[in-house]
Protein chains: 2
Amino acid sequence: MSMDAVFRALADPTRRQLLDSLHHRNGQTLNALCERTDMTRQAVTKHLAILEEANLITTVRNGREKEHYLNPVPINEIAERWIGKFERGRLTALSDLKKRLEREEP
Amino acid sequence: MSMDAVFRALADPTRRQLLDSLHHRNGQTLNALCERTDMTRQAVTKHLAILEEANLITTVRNGREKEHYLNPVPINEIAERWIGKFERGRLTALSDLKKRLEREEP
DNA sequence: TTAATATGCAACCAAATGGTTGCATGTCAA
DNA sequence: TTGACATGCAACCATTTGGTTGCATATTAA
């Protein structure tokens, strides 16, 4: 559950699209997720493994099928612990930059 | 200002550390940023270029120095447009999973 | 003017990444 | 039981990535 794994998992557009797909319909199987993409099943498997390692999805084995469920907790943690910090500094950072630019171009 | 560039820029721990450093002290020069790391100046230059392309930092040339300023706007956009979507679904997703698990293990 | 300083550019390299193909395993249904 | 279906595993490949070294350019200060 390292934050780095979450960031790296989110870096790939295909993986974000997989999360989107699960957000649209939770609990999809591997084959169902493959139908919404143009790559091979094995490629999707690898992406899902990375998402699962980052704890962004949880899987439930159901017979010969494997269902994939979104886990929004890591995204929430990033939002709170990391993004919040930069959002808080937003106004001051912008005003700093403005002041600096004004000083540079008098 | 594509969202993909922002996600990819945030994927690297060194680049997040650079953002942290700028969050701690805004407007640092390349050399100042280099002092807080163990890699070469050229490596840091590359990371800064990626951050700048993602619009996460803005630079101001000041003589022979170049100052780097945090731009929290893209992070804020990701938080609002992308993360918010998944946070909203948090409770329902978790309850979905719980129901599913209960069904699987009666 | 000259030397030191701050940054820029380009070639190069090893390792990670995203993808493929081929085959194996396990489960359901006829 | 047997065939079809869903997933798993492993080897392999091209490209991207993160890093280096070496040299070039521009600005400040003595």
Open item on the list: Distance check needed: D:dG18 P versus B:L10 CG, whole Å only.
Closed with: 12 Å

Task: Within-4.5 Å side-chain heavy-atom neighbours: B:L22 and B:H68 - done: yes

Open item on the list: Measuring to OP1 and OP2 of D:dG19, would you say a side-chain N or O of B:T40 lies under 4.0 angstrom away?
Closed with: no

- [ ] Assign a letter to each nucleotide of nucleotides 4-12 of chain D from its 5' end: B, base within under 4.0 Å of a protein heavy atom; S, sugar-phosphate only; -, no contact.
- [x] BBSBBB-B-

Check: residues 6-15 of chain B side-chain donor-acceptor pairs under 3.5 Å, at least two apart:
unit_1 : atom_1 : unit_2 : atom_2 : d
B:R8   : NE     : B:D4   : OD2    : 3.1
B:D12  : OD1    : B:T14  : N      : 2.8
B:D12  : OD1    : B:T14  : OG1    : 3.3
B:D12  : OD1    : B:R15  : N      : 3.2
B:R15  : NE     : B:A9   : O      : 2.8
B:R15  : NH1    : B:H47  : ND1    : 3.1
B:R15  : NH2    : B:R8   : O      : 3.2

Open item on the list: Rounded to whole Å, how long is the line connecting atom CE of B:M39 with atom P of D:dT21?
Closed with: 13 Å

Open item on the list: Tell me whether A:M3 shares a hydrophobic cluster with B:I75, the cluster being built from Ile, Leu, Val, Met, Phe, Trp, Tyr side chains joined at under 4.5 Å.
Closed with: yes

- [ ] Please list, chain by chain and in numerical order, all residues satisfying side-chain hydrogen bond (donor to acceptor under 3.5 Å, both in side chains) with A:E65, sequence neighbours excluded.
- [x] none

Task: Length of the line joining B:D4:CG and D:dT17:C1', which is rounded to integer Å - done: 15 Å

- [ ] Could you list all the salt bridge (Lys or Arg N to Asp or Glu O under 4.0 Å) pairs where at least one residue sits in residues 35-51 of chain A, not counting sequence neighbours?
- [x] none

- [ ] Whole angstrom is fine here: how far is it from CD1 in A:I50 over to P in C:dA16?
- [x] 13 Å

Task: side chain to side chain contact (heavy atoms under 4.5 Å, CB included) partners of B:A43, counting only residues at least two apart - done: B:M39, B:T40

Open item on the list: Does any part of the side chain of B:N71, heavy atoms only, come nearer than 4.5 Å to the side chain of A:F86, both counted from C-beta?
Closed with: no

Open item on the list: Expressed as a whole number of angstroms, how long is the span from B:E52:CD to C:dT7:P?
Closed with: 13 Å

Task: Residues touching DNA chain C, which here means a heavy atom under 4.0 Å, drawn from residues 12-20 of chain B - done: none

Task: Gap separating the NZ atom of B:K66 from the CG atom of B:N31, nearest 0.5 angstrom - done: 13.0 Å

Open item on the list: Rounded to whole Å, please give me the gap between NE2 in A:H47 and C1' in C:dA16.
Closed with: 14 Å

